[in-house]
Amino acid sequence: MNIFNEVGGIVAKAMEEIPELAEVLDLASQRVAVESPRDSSHGDMATNAAMVLAKRAGMKPRDLAEKLCVRLVEHGSVVSAEVAGPGFINLRLTDGYWRERLREVLSADVDYGASTIGAGRKVNVEYVSANPTGPLHAAHARGAVIGDALARLLAKAGFEVCREYYINDAGAQVDTLARSTHLRYREALGEDIGEIPDGHYPGEYLKDVGEALAERDGERWLAKDETDWLAEVRGFAIERMVAGIKTDLGRLGIDMHVYSSERALVESGGVDAVMQTLDDKGLLYTGVLEPPKGKMPDDWLPRPQRLFKATDFGDDVDRPIAKSDGSWTYFASDVAYHLDKFKRGYAEMIDVWGADHGGYVKRMQSAVRAITAEQGVLDVKICQIVHMMQDGKPVRMSKRAGTFVTLSDVIDSVGKDVIRFIMLTRRNDQPLEFDLAKVIEKSRENPVFYVQYAHARCHSVLRLAHDTFPDLDLGANGLAGVDLDCLTGSGELGLIKQLASWPRLVESAAETHEPHRVAFYLSELAAGFHGLWNKGKDDATLRFIVEGDRPRTFARLALVRGVATVIASGLEVMGVEPLEELRS
RNA sequence: GGCCCCGUAGCUCAAAUGGAUAGAGCACCAGCCUUCUAAGCUGAUGGUUACAGGUUCGAGUCCUGUCGGGGUCACCA
């Protein structure tokens, strides 16, 4: 249960009991918020109810707040309700209320924080979707992790989530892949192919593909014209590339539910059908686009082509849906693809794209509005660039220079958990620096280590406790039954309050599609735990295991288990394995 | 030139629907190890939230403009 909603219910009940508010509750109660005060000395919870409602009720905010306070303190879990500032109401809740929240953590175990706000609604998250022309490189990691963590987060919040990868296997780039593979195939059969010519992919990774093709088909394609082998070689190479991509994603802990093929969509006539529908609706026309403002491309020519009336749906200009030779643009198949998702039941769609696609967002959203009759919603998460560094120096990532850093290389170097965590330590729309050396440092500066260390410390205490009390069940469910009344210190209760805010964090991060908040939450929780730990250094009576005081020790072990549980729950959303020991 | 994103402490970054005195880490300064992991903790210093207006009980957050950084702009995907 989200404690903020729970307290919101208490506030709502108090509001209903004020006669002056009878007329205005429906109108304004949505704007009533319950949240934690910035300064914890103000109390546990604060609400703006009086300020929001005062005007409509014809009262002064502070007067209304006073009346509400009288009602609020009648509730058994409320210790005090005080008016502050312009009309805030600060609430303090009983220690018993908070101890029960810890019991909830332990009863729910790693499911703590699961929510029903999604109500089983279907959401489609499309991410990675890298072209199947080579292995994933380091820069793909960010979108992969953000998309995957978002999918996990939405699932935890009660949505029915589909994780999807769109394979761009239909354009000119896969023909280039086929030609490049054919070269390597000839090479595998003993031919000296020399330098890889321009217009081909030079990557060494295609050597394996060429060899595999030679092994399978022998000299079958050697003397044939391109028209004879292109489709076959292309299919072979794409299959290989996709298999490699799946392997890499698997190593990152990503398991897509659906791989959608652009080629299948095109060949089934899906694109033609959608374009016909748009045409029937009068949303396509033949026109000539304005030339780009500012610097003019050398080869720009005014040409008539089929355009989509994107401006009717919020875009800035109408967008070309067909090339000047009449064939569909990439945009056209993308429109068809999004309609396909919608028809599969996903009215809510999220796409995770790289920063270079920022200019594409409005047109895709306008297209989704057009083809779904405003029923579908597309949110696009744009991932800013990742600067790969090594000890503060940029790592060059250039295919030509051969310093091509693959995702697989990075996983080998720092591990999947580090990549996943670090990729979530920035908002998606901020550039991110990824230093291969710093991210494996064992220090306060490295959030991965810091959070794992907190989790490992919890388990360290539990291991020691097991030696001392072999009869006690130290699992979450076992500790859920112990008496918690000994948890009275501000540090202990403060930590419980942090734990208790996890369900709300899941909900708000899911609603705003911001998985990075989980990483920040866990860092703060870890800091809270490390702080409490160190109090035991100064004052032995504050240690978790107190000799000769079984009730106190058990209650504190319950708290430690609660911290471990919530950290594990958060790491699960991030797709990171919690470590029980860091010593090596 | 149009459009999109960004601009918060010396540095790297937070701040749910607009909420109270804008928070962390690093660096710098002062402390804490015979101790459940010091791989850690406590405290101090540090701000006109790029700038100028506007909206309102209240703006880092919303609106307009300016400046600065990045991305992008049909016949690539």
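Proteins come first, then strands; the chains are lettered A, B, ... in the order of their sequence lines, and each starts at number 1.
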Closest to the side chain of A:Glu262, out of B:rU17, B:rU37, B:rA77, is B:rA77
A:Leu265 CG to B:rA77 P, in whole Å, measures 14 Å
What contact category does A:Pro447 fall into here, base, sugar-phosphate, or nothing, at under 4.0 angstrom with non-hydrogen atoms? nothing
Is there a donor-acceptor pair closer than 3.5 Å between any side-chain N or O of A:Asp351 and the backbone N or O of A:Val380? no
Gap in Å between the two P atoms, one belonging to B:rG54 and one to B:rG71, rounded: 35 Å
Whole angstrom is fine here: how far is it from CG in A:Asn48 over to C1' in B:rC57? 12 Å
Is the Lys NZ or Arg CZ of A:Arg369 less than 6.0 Å from the centre of A:Phe313's six-membered ring, within 45° of the axis? no
Looking only at the side chain of A:Ser460 (C-beta and beyond, no hydrogens), which of the listed nucleotides B:rC36, B:rA39, B:rU17 gets closest? B:rC36
Looking at every strand, decide which applies to A:Glu35 at a 4.0 Å heavy-atom threshold: base, sugar-phosphate, or nothing. base
Would you tell me if any nitrogen or oxygen in the side chain of A:Trp533 comes within less than 4.0 Å of OP1 or OP2 on B:rA38? yes
B:rG7 - base-pair partner by Watson-Crick or wobble geometry, distances under 3.5 Å: B:rC67
Figure out the CD/C1' separation between A:Gln305 and B:rC73, and round it to whole Å. 13 Å
Specify the separation, in whole Å, of atom CD of A:Gln365 and atom P of B:rC4. 12 Å
Of A:Arg543 and A:Thr425, the one whose closest nucleotide on RNA chain B sits nearer the 5' end is A:Thr425
For the side chain of A:Asp429 and the backbone of A:Gln384, is there at least one donor-acceptor N/O pair under 3.5 Å apart? no
Base, sugar-phosphate or nothing for A:Phe88? Non-hydrogen atoms, less than 4.0 Å. base
Taking B:rC13, B:rU37, B:rG40 as options, the one with an atom nearest any side-chain atom of A:Ala456 is B:rU37
Taking the P atom in each of B:rC51 and B:rA77, what is the distance between them to the nearest angstrom? 45 Å
Is A:Asn90 touching bases, backbone alone, or none of the nucleic acid, heavy atoms closer than 4.0 Å? base
How close or far is atom P of B:rU17 from atom CD of A:Glu514, stated in whole angstroms? 9 Å
Reading RNA chain B from 5' onward, which residue's closest nucleotide shows up sooner: A:Lys323 or A:Leu464? A:Leu464
A:Tyr453, nearest nucleotide to its side chain (from B:rC36, B:rG40, B:rA14): B:rG40
Should A:Lys442 be listed as having a side-chain N or O under 4.0 Å from OP1 or OP2 of B:rA38? no
Mind listing the closest non-hydrogen atom pair of A:Tyr450 and A:Ser523 along with its distance? CE2-O, 3.6 Å
N or O in side chain of A:Tyr521 less than 4.0 angstrom from B:rA16 OP1/OP2: no
Under a 3.5 Å limit for both distances, which nucleotide forms a Watson-Crick or G-U wobble pair with B:rU72, could you say? B:rG2
A:Thr512 side-chain proximity, nearest of B:rC6, B:rA16, B:rA77: B:rA16
Within the structure shown, what part of the strands sits under 4.0 Å from A:Ala509 by heavy-atom distance: base, sugar-phosphate, or nothing? nothing
Of all the choices, B:rG71, B:rU17, B:rA77, which nucleotide is nearest to the side chain of A:Asp356 once you look at every atom? B:rG71
Whole-Å distance separating the CD1 atom of A:Ile117 from the P atom of B:rU17: 15 Å
Counterpart base for B:rC33, defined by Watson-Crick or G-U wobble contacts under 3.5 Å: none
With rounding to the closest Å, how many angstrom separate the C1' atoms on B:rA16 and B:rC62? 16 Å
Ring geometry between A:Tyr337 and A:Tyr166 (parallel below 30°, tilted from 30 to 60°, perpendicular above 60°): parallel
Considering every strand and a 4.0 Å limit on heavy-atom distances, what is the contact class for A:Ile385: base, sugar-phosphate, or nothing? nothing
Nearest whole Å is fine: how far is B:rG40 P from A:Tyr450 OH? 8 Å
Touch class at under 4.0 angstrom, heavy-atom based, for A:Lys535 against every strand present: nothing
Closest to the side chain of A:His516, out of B:rA77, B:rA14, B:rC5, is B:rA14
When rounded to the nearest Å, what value does the distance between P atoms of B:rU56 and B:rC63 take? 16 Å
Please report the distance separating the C1' of B:rG18 from the corresponding atom of B:rG60, rounded so that it comes out in whole Å. 11 Å
Describe the nucleic acid contact of A:Ala170 in one word from base, sugar-phosphate, nothing, applying a heavy-atom distance below 4.0 Å. nothing
Whole-Å C1' distance, B:rU49 and B:rA30: 30 Å
Could you give the distance separating B:rG7 and B:rA15 at their C1' atoms, to the nearest angstrom? 16 Å
Can you identify which nucleotide, out of B:rC36, B:rA14, B:rU17, has its nearest atom closest to the A:Arg427 side chain? B:rA14
Output yes when at least one side-chain N/O atom of A:His387 is less than 4.0 Å from OP1 or OP2 of B:rG70, else no. no
Mind checking if A:Arg319 touches a base, just sugar-phosphate, or nothing, with heavy atoms under 4.0 Å? nothing
Parallel, tilted or perpendicular: which describes the rings of A:Phe308 and A:Phe331, with under 30° parallel and over 60° perpendicular? tilted
Minimum heavy-atom separation for A:Ser324 and A:Gln305, please, with both atom names. N-NE2, 4.0 Å
Using a heavy-atom cut-off of under 4.0 Å over every strand shown, decide if A:Glu524 touches base, sugar-phosphate, or nothing. nothing
Can a side chain N or O of A:Arg457 be found less than 4.0 Å away from OP1 or OP2 on B:rA38? yes
So what does A:Ala355 touch, heavy atoms closer than 4.0 Å: a base, only the sugar-phosphate, or nothing? sugar-phosphate
For atom P, what is the distance between B:rA9 and B:rG47, given to the nearest Å? 10 Å
Check if the side chain of A:Asn534 and the base of B:rG40 share a donor-acceptor pair of N or O atoms closer than 3.5 Å. yes
Does A:Glu126 offer a backbone N or O that forms a donor-acceptor pair with the side chain of A:Glu164 under 3.5 Å? no
State which of B:rA16, B:rG40, B:rC36 makes the closest approach to the side chain of A:Ser508. B:rA16
Strictly distance-based, threshold 3.5 Å: is any side-chain N or O of A:Arg561 a donor or acceptor partner for the main-chain N or O of A:Leu474? yes
Tell me whether B:rC57 sits syn or anti, counting syn as a glycosidic angle within 90° of 0. anti
For the residue pair A:Val123 and A:Phe159, what are the closest heavy atoms and their distance? CG2-CD2, 3.2 Å
Using whole Å, report how far CE of A:Met364 lies from C1' of B:rC4. 17 Å
If you check every side-chain atom of A:His530, which of B:rU35, B:rA14, B:rG40 has the closest atom? B:rG40
